[in-house]
Amino acid sequence: MTKIALVTGANKGIGYETAKQLAEQNIKVLLGARNETEGKKAETALRDLSLDVTYVKLDISNSADIENVKNYIENEYGALDILINNAAVFLDSAWFGNNVETVPLQTLRDTFDINYFGTVELTQALLPLIKKSESGRIVNISSVSGSFGVHLDETHWLYQLKPYAYSASKTALNQFTVFLANALKETNIKVNAANPGWVQTSIGSDQAPLTPEEGAKTGVALALLDEHGPTGTFSQSGEILPW
Ligand SMILES: NC(=O)c1ccc[n+]([C@@H]2O[C@H](COP(=O)([O-])OP(=O)(O)OC[C@H]3O[C@@H](n4cnc5c(N)ncnc54)[C@H](OP(=O)(O)O)[C@@H]3O)[C@@H](O)[C@H]2O)c1
């Protein structure tokens, strides 16, 4: 039976490439995007490659969109096999330095609304449909920016980069990964967090060494884990990262 996947923020960057690579595995991919024009553009581009994708309007910070997408998947497919929580924003004023003393609370709230609360709300809404899959997979696209281990390691290249709102939202997402994996450990569902690496996108900038195609690979591999694969992990290219 054809598997069904939903990728959030699939109109560009790592999300678009993730959708492409999953569809290339003959998975039916729902392309979530908050902007209809951009979402449809991505849908057209991937259909031009003969890939089976369908755009769904999904602003993950909008409860009505979440409800509509849940109802759509339930009515059309009855279950969801793969959820890729990819959509996120970077709203801190810079990557460099540590802005924890001055970052406006509104920046923290706006960042958490999408990167954390939107992701949690969407996942909770879709869980009943993922539980109906024979092998549900939830992949949270996180970041080493959210890792305590990295931020405590003075030798790590990311140590000097402490944008607080973005990093804290990814730390919260990592905790969600651990708790959800624990809650679902007696089921067939696996929940893992992926670090894509530093990737050439709006968030990663054009200075980044990895292409979006390369950046999508960790999340795709976690989405395709077989029943022996791990749950409750944080990794990049198969290498476990510190929480
Ligand atoms: N690039 C990197 O170096 C890097 C490193 C570590 C982790 N990541 C993570 O990788 C993921 C993808 O980011 P990216 O690098 O590909 O950046 P990107 O090109 O800016 O893509 C972000 C995507 O998220 C979407 N989005 C933002 N807010 C949304 C919302 N409320 N509802 C639905 N979609 C929303 C964006 O849509 P719009 O086009 O409408 O804004 C866009 O499609 C993110 O979780 C990011 O934190 C990236």
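Computation of the quantities below employed the complete heavy-atom set of this structure, encompassing side-chain atoms and omitting hydrogens, waters and symmetry-equivalent molecules.
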Give a yes or no answer on whether the side chain of Gln21 reaches the backbone of Glu213 with a donor-acceptor pair at less than 3.5 Å. yes
Cluster question for you: counting only ILVMFWY and a side-chain heavy-atom cut-off of under 4.5 Å, with indirect links fine, are Val7 and Leu49 together? yes
So if you build clusters from Ile, Leu, Val, Met, Phe, Trp, Tyr with side-chain heavy-atom gaps below 4.5 Å, do Ile130 and Ile73 land together? yes
Evaluate the side-chain hydrogen bond (donor to acceptor under 3.5 Å, both in side chains) criterion for residues Glu121 and Ser63: first the C-alpha distance (whole Å), next the side-chain angles of each, then the deciding distance (0.1 Å), finally the verdict. CA-CA 8 Å; Glu121 185 177 351; Ser63 299; 2.7 Å; yes
With a 4.0 Å cut-off on N to O distance, would you call Glu214 and Lys217 a salt bridge? no
Distance from Tyr16 atom OH to Asn86 atom CG, nearest 0.5 Å? 14.0 Å
Between Thr111 and Leu108, does a side chain to side chain contact (heavy atoms under 4.5 Å, CB included) hold up when you go through it step by step? CA-CA 5 Å; Thr111 303; Leu108 274 163; 5.9 Å; no
What's the shortest heavy-atom distance between Leu129 and Lys70, and which atoms? CD1-O, 3.6 Å
Heavy atoms from other residues, nucleotides or ligands near OH of Tyr164 exceed 12 (cutoff 6.0 Å): no
Tell me the closest heavy-atom pair linking Trp198 and Gly204, and the distance in Å. NE1-O, 2.7 Å
Going from CD1 on Ile189 to CD1 on Ile138, what distance comes out if it is rounded to the nearest 0.5 angstrom? 5.5 Å
What are the two closest heavy atoms between Ser147 and Pro242, and how far apart are they? OG-O, 2.8 Å
Here the gap from Thr233 atom OG1 to Leu222 atom CG, rounded to the nearest 0.5 Å, amounts to 6.0 Å
If you compare all heavy atoms of Leu158 against all heavy atoms of His151, which two are closest, and at what distance to 0.1 Å? O-CE1, 4.2 Å
Would a single hydrophobic cluster contain both Val144 and Val199, if residues Ile, Leu, Val, Met, Phe, Trp and Tyr are joined by side-chain heavy-atom contacts under 4.5 Å? no
Check whether Asn195 reaches the backbone of Ser235 with its side chain - one donor and one acceptor, N or O, closer than 3.5 Å. no
First locate atom OG1 of Thr2, then atom CD of Gln25, and finally report the distance between them rounded to the nearest 0.5 Å. 13.0 Å
Report yes or no: do Lys185 and Thr231 form a side-chain donor-acceptor pair below 3.5 Å? no
Taking the side chain as everything from C-beta on, heavy atoms only, tell me whether Phe148 gets closer than 4.5 Å to Thr171. yes
Do Tyr77 and Leu30 come within less than 4.5 Å of each other through their side chains, counting heavy atoms only? yes
Quick one: do Gln124 and Leu180 satisfy side chain to side chain contact (heavy atoms under 4.5 Å, CB included)? Show the steps, please. CA-CA 10 Å; Gln124 288 181 340; Leu180 191 59; over 6 Å; no
Does the side chain of Leu51 come within less than 4.5 Å of Glu24's, by heavy atoms? yes
Shortest non-hydrogen contact from Asn174 to Ser142? OD1-OG, 2.7 Å
Test side-chain contact (heavy atoms from CB on, under 4.5 Å), reference Thr18, set Val139, Ile84, Thr218, output is Ile84
Can a side-chain donor-acceptor contact be found between Lys28 and Thr54 if the only test is distance below 3.5 angstrom? yes
Using the ring of Tyr166 (Phe, Tyr or Trp, six-membered ring only), decide whether Lys162 places NZ or CZ under 6.0 Å from its centre and within 45 degrees of its axis. no
Exercise: do Ser135 and Glu227 side chains pair donor with acceptor under 3.5 Å: no
May I ask you to say whether Arg137 pairs ionically with Asp81, meaning some side-chain N is under 4.0 Å from a carboxylate O? no
Please check if atom CG in Asp48 has more than 12 non-hydrogen atoms from other residues, nucleotides or ligands closer than 6.0 Å. yes
Distance-only, no hydrogens or angles: does the Asn115 side chain make a donor-acceptor pair with backbone N or O of Ser169 under 3.5 Å? no
Parallel, tilted or perpendicular, as decided by the 30° and 60° cut-offs, for the rings of Tyr116 and Phe176: perpendicular
If we check side-chain contact (heavy atoms from CB on, under 4.5 Å) with Leu6, which of these qualifies: Leu80, Val29, Leu22? Leu80
Reference residue Thr8; test side-chain contact (heavy atoms from CB on, under 4.5 Å); the match among Asp59, Val56, Leu31, Leu122: Leu122
Quick one: do the Asn11 and Glu38 side chains pair a donor with an acceptor below 3.5 Å? no
Can you confirm whether Ile60 sits close enough to Asp65 that some side-chain heavy atom of one is under 4.5 Å from a side-chain heavy atom of the other? no
Would a hydrophobic clustering, with Ile, Leu, Val, Met, Phe, Trp and Tyr connected at side-chain separations under 4.5 Å, put Leu58 with Leu127? yes
ILVMFWY network linking Leu225 to Ile27, side-chain heavy atoms under 4.5 angstrom: yes
Value rounded to 0.5 Å, distance of OG in Ser167 from CH2 in Trp95: 6.5 Å
Measure the spacing between OG1 of Thr211 and CD of Glu17 and express it to the nearest 0.5 Å. 7.0 Å
Could you walk me through whether Glu74 and Lys132 pass the side chain to side chain contact (heavy atoms under 4.5 Å, CB included) test, one step at a time? CA-CA 10 Å; Glu74 191 162 26; Lys132 289 188 179 158; 4.1 Å; yes
Going through the checks in order, is the side chain to side chain contact (heavy atoms under 4.5 Å, CB included) test met by Gln175 and Trp243? CA-CA 9 Å; Gln175 183 72 293; Trp243 290 108; over 6 Å; no
Going by atom types only, do Asn140 and Thr177 share a side-chain donor-acceptor pair under 3.5 Å? yes
Mind listing the closest non-hydrogen atom pair of Lys190 and Asp226 along with its distance? CE-O, 3.3 Å
Scan Val120, Thr119, Leu126 and name whichever one has a side-chain contact (heavy atoms from CB on, under 4.5 Å) with Thr123. Thr119
Is the side chain of Asn182 donor-acceptor paired with the backbone N or O of Val178 at a distance under 3.5 Å, no angle test? no
